[in-house]
A.B. asks: 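Here it is, the structure in full.
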Amino acid sequence: MTQEPVFLAHALATFSAQWSPRIVTAVNDYDVRVAKVEGEHLWHVHDQTDEFFLVLDGELHIALREPAGERTVVLPKGSVFTVPRGTEHKPYAPAPTAILMFEPTGTLTVGDRHDEIPDHVDSTTGHALG
């Protein structure tokens with residue numbers, strides 16, 4: 001299969017669903033996913049993998065439950081953050097936001113353990129682009 005460049009703005013323009021990532025490419029055993037997000041996701045944890053976030057547009061908040069207590073990190077456009085494996089977290093976007101994530105292929109968006117999945121959150125390992 002011939003690889004071609006993927007323009008992230010074009011990839012994001014191909015879908016409108018919130019919290020429903022699209023796989024734009026793969027690197028080794030990892031998917032590179034883009035998603036449109038707004039409002040709350042859900043509390044969840046990935047037991048075996050870290051989760052990398054890059055904010056392409058907008059602002060992402062990630063609430064974290066850590067041994068020292070609960071805190072929230074705020075990620076403006078252009079910032080990155082990695083949620084360590086085993087850390088319970090809940091992403092939230094106060095306005096329409098576009099994000100890019102690196103996750104091992106097959107990783108569920110709702111993690112290994114999670115709260116009840118609301119209707120607006122897509123429990124998926126990512127959808128093909130296009």
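By convention here, the first residue in the shown sequence is residue 1.
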A.B. asks: Angle between ring planes, His44 versus His41, binned at 30° and 60°: parallel, tilted or perpendicular?
C.D. replies: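 His44 vs His41 ring planes: tilted.
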
A.B. asks: Minimum heavy-atom separation for Pro21 to Arg33, with atom names?
C.D. replies: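 Smallest interatomic distance, heavy atoms only, reads CB-CB, 3.9 Å.
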
A.B. asks: CZ of Phe52: more than 12 outside heavy atoms within 6.0 angstrom?
C.D. replies: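 Count over threshold, so yes.
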
A.B. asks: For Gly86 and Val45, which heavy atoms make the closest approach, and how far apart are they?
C.D. replies: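 For Gly86 versus Val45, the nearest heavy atoms are C-CG2, 3.3 Å.
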
A.B. asks: Tell me whether His10 at atom NE2 has more than 12 heavy atoms from other residues, nucleotides or ligands lying less than 6.0 Å away.
C.D. replies: no

A.B. asks: OG1 of Thr109 to NE2 of His127: how many Å apart, nearest 0.5 Å?
C.D. replies: 8.0 Å

A.B. asks: Keeping Asp50 on the side-chain end and Arg85 on the backbone end, is there a donor-acceptor pair under 3.5 Å?
C.D. replies: yes

A.B. asks: Do you see a donor-acceptor pair shorter than 3.5 Å between the side chains of Thr105 and Asp29?
C.D. replies: no

A.B. asks: For Gly58 versus Thr97, what's the shortest heavy-atom pair and its separation?
C.D. replies: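 Shortest heavy-atom separation between Gly58 and Thr97 comes out as CA-OG1, 3.7 Å.
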
A.B. asks: Checking Lys77 against Asp57 for the side chain to side chain contact (heavy atoms under 4.5 Å, CB included) test, could you report, in this order, the C-alpha distance in whole Å, the side-chain angles of both residues, the deciding distance, and whether it holds?
C.D. replies: CA-CA 5 Å; Lys77 179 180 178 177; Asp57 194 31; 3.8 Å; yes

A.B. asks: Atom CD of residue position Glu70 - does it have more than 12 heavy atoms of other residues, nucleotides or ligands inside 6.0 Å?
C.D. replies: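 Buried by this count: over 12 neighbours within 6.0 Å.
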
A.B. asks: If Ile, Leu, Val, Met, Phe, Trp and Tyr residues are connected whenever their side-chain heavy atoms lie under 4.5 Å apart, and connections chain through other members, are Ile99 and Val73 in the same group?
C.D. replies: yes

A.B. asks: Run Gln3 and Thr25 through side chain to side chain contact (heavy atoms under 4.5 Å, CB included) and show every step you take.
C.D. replies: CA-CA 9 Å; Gln3 286 286 75; Thr25 191; 3.5 Å; yes

A.B. asks: Under a 3.5 Å distance rule, please check whether Trp19 uses its side chain to pair with a backbone N or O of Lys36 as donor and acceptor.
C.D. replies: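 No, Trp19 side chain to Lys36 backbone: no donor-acceptor pair under 3.5 Å.
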
A.B. asks: For a 4.5 angstrom cut-off between non-hydrogen side-chain atoms, does Val55 reach Pro76?
C.D. replies: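 Of all side-chain heavy-atom pairs linking Pro76 with Val55, none is under 4.5 Å.
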
A.B. asks: Can you get from Leu129 to Leu54 by hopping between Ile, Leu, Val, Met, Phe, Trp and Tyr side chains that sit under 4.5 Å apart?
C.D. replies: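 Yes; tracing contacts between hydrophobic side chains, which count when under 4.5 Å, links both residues.
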
A.B. asks: For residues Pro91 and Val37, determine if any side-chain heavy atom of one lies less than 4.5 Å from a side-chain heavy atom of the other.
C.D. replies: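 Pro91 does not reach Val37 side chain to side chain.
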
A.B. asks: With rounding to the nearest 0.5 Å, note down the distance linking CG in Leu60 to CD1 in Ile62.
C.D. replies: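 The CD1 atom of Ile62 is 4.5 Å from CG of Leu60, to the nearest 0.5 Å.
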
A.B. asks: Applying a strict under-4.5 Å side-chain criterion to I, L, V, M, F, W and Y, I'd like to know whether Phe102 and Leu8 cluster together.
C.D. replies: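 Per the 4.5 Å side-chain linkage, Phe102 and Leu8 are co-clustered.
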
A.B. asks: What orientation do His89 and Phe53 show, parallel under 30°, tilted 30 to 60°, or perpendicular over 60°?
C.D. replies: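 Plane angle over 60°, so perpendicular.
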
A.B. asks: Do Gln18 and His120 come within less than 4.5 Å of each other through their side chains, counting heavy atoms only?
C.D. replies: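 Result no, sub-4.5 Å side-chain heavy-atom pair not found.
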
A.B. asks: Consider only side-chain heavy atoms of I, L, V, M, F, W and Y, link residues closer than 4.5 Å, and tell whether Phe15 and Val24 are in one cluster.
C.D. replies: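 They do share one cluster, since a chain of ILVMFWY contacts under 4.5 Å joins Phe15 to Val24.
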
A.B. asks: Treat each ILVMFWY residue as a node, draw an edge where side-chain heavy atoms are under 4.5 Å apart, and state whether Val27 and Met101 are in one component.
C.D. replies: no

A.B. asks: Using modelled atom types only, decide if a donor and an acceptor are shared between the side chain of Arg22 and the backbone of Ser20 within a distance under 3.5 Å.
C.D. replies: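 At least one qualifying donor-acceptor pair exists.
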
A.B. asks: Mind running side chain to side chain contact (heavy atoms under 4.5 Å, CB included) on Leu56 and Leu12 for me, showing each step along the way?
C.D. replies: CA-CA 10 Å; Leu56 301 171; Leu12 287 161; 4.0 Å; yes

A.B. asks: Hey, mind stepping through Thr107 and Glu51 against side chain to side chain contact (heavy atoms under 4.5 Å, CB included) and telling me if it holds?
C.D. replies: CA-CA 10 Å; Thr107 299; Glu51 188 170 23; over 6 Å; no

A.B. asks: For the atom pair CZ (Arg65) and OG1 (Thr87), what is the distance rounded to the nearest 0.5 Å?
C.D. replies: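 If I round to the nearest 0.5 Å, the distance is 12.0 Å.
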
A.B. asks: Looking at every non-hydrogen atom in both residues, tell me the closest pair between Ala11 and Val6 and how far apart they are.
C.D. replies: CB-CG1, 4.2 Å

